[in-house]
Amino acid sequence: MAQGRFITFEGGEGAGKSTQLKRLAARLEVGGREVVATREPGGSPGAESIRELVLKGAADRWSPVTETLLMYAARRDHVERVIRPAVGRGAWVVCDRFADSTRAYQGAAGGTDPGLIAALETFTLEETRPDLTLIFDLPVHVGLERAHARAGSEMRFESKGQAFHERLREGFLAIARGEPQRCAVIDATGSLEEVEARVWTAVEDRLLVHG
Ligand code: Z5A
């Protein structure tokens, strides 16, 4: 049986993750692979119910610690019911946000104790870890302009202010520096085609040629 793979897309607001995830999924499918495209928070019926709770309402509806616990309740369900079974049968799972978003949003930007987040990661994820994480990086103001222009955007996190989003960007870059073997930083500026080419180069290099 073919080996399953797990790729996560991470970064700040409006970085282009969702757009590029669809493009990568289509490109991988052409190679005859089963591709499961999913997202967090959400990705399973139970986790989608938690998503409704966590993304709607005022910016201070939940404290960062409560948000962390809600994200991890959703993530456990998603991992158990969708990600682990798919990777186990040889599919390529591409996921729009995963555990690094909790480290960056609730941890680096929100101030939740990194020790709590690390303990939840160990307990909840067990051996299920991404083979490759693409960290989309671009200046905060460019990402927020793109996110605001997009129809149907969830506003709870987008409304948190410039300083929060600067801490977020640095939080993601610190994760990439700390785990260079898992993470590839993708320059998210430029055209859709330019960013798509950078994503494909990272996937080819890390998982198709040397994987
Ligand atoms: N969250 C958390 O706090 N903790 C966690 O553990 C997890 C999540 C898992 C999910 O929101 C929220 O949950 C998120 C973090 C928090 N915060 N917020 N808000 P969501 O699912 O509604 O959205 P998102 O994941 O934050 O998406 P996004 O960052 O706002 O967008 P994106 O996926 O990176 O970008 P996009 O939708 O592909 O593109 C945005 C717009 O820009 C769109 O109109 C595109 O057509 C346009 N775009 C994309 N690429 C380009 C280029 N290259 N040039 C010009 N325009 C472009």
Side-chain angles (χ1 to χ4, degrees), residues 8-26 37-44 47-48 50-79 82-83 94-112 114 116-118 120-121 124-125 130 133-161 164-165 167-169 171-172 175 186-199:
T8 55
F9 285 58
E10 299 279 12
E13 313 297 305
K17 300 176 303 300
S18 313
T19 307
Q20 295 297 337
L21 186 145
K22 289 191 199 97
R23 289 180 174 225
L24 177 63
T38 187
R39 69 170 181 183
E40 288 207 349
S44 62
E48 288 291 330
I50 297 173
R51 179 187 174 93
E52 286 291 304
L53 279 176
V54 85
L55 295 191
K56 298 262 164 76
D60 62 354
R61 180 180 184 188
W62 306 108
S63 77
V65 172
T66 311
E67 267 170 16
T68 301
L69 297 171
L70 287 167
M71 293 296 177
Y72 263 97
R75 185 161 299 133
R76 177 68 191 201
D77 194 65
H78 187 211
V79 165
V82 176
I83 296 172
V94 287
C95 188
D96 196 345
R97 299 194 179 281
F98 192 64
D100 296 316
S101 281
T102 311
R103 291 192 202 175
Y105 276 81
Q106 283 68 47
T112 302
L116 169 66
I117 296 175
L120 286 166
E121 240 183 76
T124 311
L125 302 186
T133 295
L134 303 169
I135 296 192
F136 284 63
D137 182 60
L138 86 173
V140 166
H141 72 275
V142 179
L144 288 176
E145 277 163 22
R146 285 188 193 169
H148 286 140
R150 181 193 53 191
S153 169
E154 304 285 6
M155 292 305 292
R156 232 192 113 232
F157 288 89
E158 285 160 21
S159 62
K160 282 193 185 251
F164 178 91
H165 290 285
R167 292 199 297 280
L168 193 56
R169 184 183 188 193
F172 278 118
I175 292 168
I186 302 293
D187 173 1
T189 61
S191 69
L192 294 178
E193 289 68 32
E194 285 168 328
V195 180
E196 180 180 350
R198 291 175 197 134
V199 167

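Note that this is a predicted model, so its numbers are computed, not measured. In listed order, ligands and their atoms are each counted from 1.
- The shortest N or O to N or O distance between Val195 and ligand 1 is not under 3.5 Å.
- At a heavy-atom distance under 4.0 Å, only side-chain atoms of Leu55, from C-beta outward, approach ligand 1.
- Taking a cut-off of under 4.0 Å to the non-hydrogen atoms of Ser18, the atoms of ligand 1 that pass are 32 (P), 33 (O), 37 (O), 38 (O).
- If you number the atoms of ligand 1 from 1 as listed, the ones under 4.0 Å from a heavy atom of Gly190 come out as 52 (C), 53 (N), 54 (N).
- With sequence neighbours left out, Phe172 forms a ring-ring contact (aromatic ring centres under 6.0 Å, His included) with no residue at all.
- Contacts between Glu194 and ligand 1, counted as non-hydrogen atom pairs separated by less than 4.0 Å, are absent for every part of the residue.
- For Ala15, the closest heavy-atom approach to ligand 1 falls below 4.0 Å.
- For the atom pair CZ (Arg97) and OG1 (Thr38), the distance works out to 14.0 Å, reported to the nearest 0.5 Å.
- We find the CD1-CG distance between Ile83 and Asp77 to be 10.5 Å, quoted to the nearest 0.5 Å.
- When heavy-atom distances to ligand 1 are checked against a 4.0 Å cut-off, Ala99 has no atom that comes that close, whether in backbone or side chain.
- A heavy-atom separation below 4.0 Å is found between Arg75 and ligand 1.
- Put simply, the side chain of Arg76 gets close to the backbone of Thr124: a donor and an acceptor are under 3.5 Å apart.
- Taking a 4.0 Å cut-off on heavy atoms, Pro41 registers as neighbouring ligand 1.
- The CD1 atom of Ile50 sits 12.0 Å away from the NE2 atom of His78 when rounded to the nearest 0.5 Å.
- Interatomic distance, CG of Leu192 versus CZ of Arg23, reported as 4.5 Å (0.5 Å rounding).
- Within the listing of ligand 1, atoms 32 (P), 34 (O), 35 (O), 36 (P), 38 (O), 39 (O), 49 (C), 50 (N) sit less than 4.0 angstrom from a heavy atom of Gly16.
- Annotation: the span from Asp187 atom CG to Phe136 atom CZ amounts to 10.5 Å, rounded to 0.5 Å.
- Looking at Arg97 against ligand 1, only its side chain comes within 4.0 Å, counting heavy atoms.
- A cation-pi contact links Arg75 to Tyr72, judged by a cut-off of 6.0 Å to the six-membered ring centre and 45° from its axis.
- Considering only non-hydrogen atoms, atom 20 (P) of ligand 1 lies nearest to Arg51 out of Arg103, Arg23, Arg51, Glu40.
- Only the side chain of Met71 comes within 4.0 Å of ligand 1, counting heavy atoms alone; its backbone N, CA, C and O stay farther away.
- For the side chain to side chain donor-acceptor pair (under 3.5 Å) condition, the pairs that include at least one residue of residues 133-144, sequence neighbours left out, are Thr8-Thr133, Thr133-Arg182, Asp137-Arg169.
- Neither the backbone nor the side chain of Gln20 comes within contact range of ligand 1; no heavy atom lies under 4.0 Å.
- The CD atom of Glu48 sits 10.0 Å away from atom CD of Glu40, with the distance rounded to the nearest 0.5 Å.
- The main-chain N or O of Phe98 is found under 3.5 Å from a side-chain atom of Glu10 such that the two form a donor-acceptor pair.
- In this structure, Gly143 has no heavy atom closer than 4.0 Å to ligand 1.
- Atom numbering of ligand 1 starts at 1 in the shown order; those under 4.0 Å from a heavy atom of Gln106 are 2 (C), 3 (O), 4 (N), 5 (C), 6 (O).
- Each of the following atoms of ligand 1 lies closer than 4.0 Å to a heavy atom of Thr102: 5 (C), 6 (O).
- The shortest heavy-atom distance from Gly12 to ligand 1 is under 4.0 Å.
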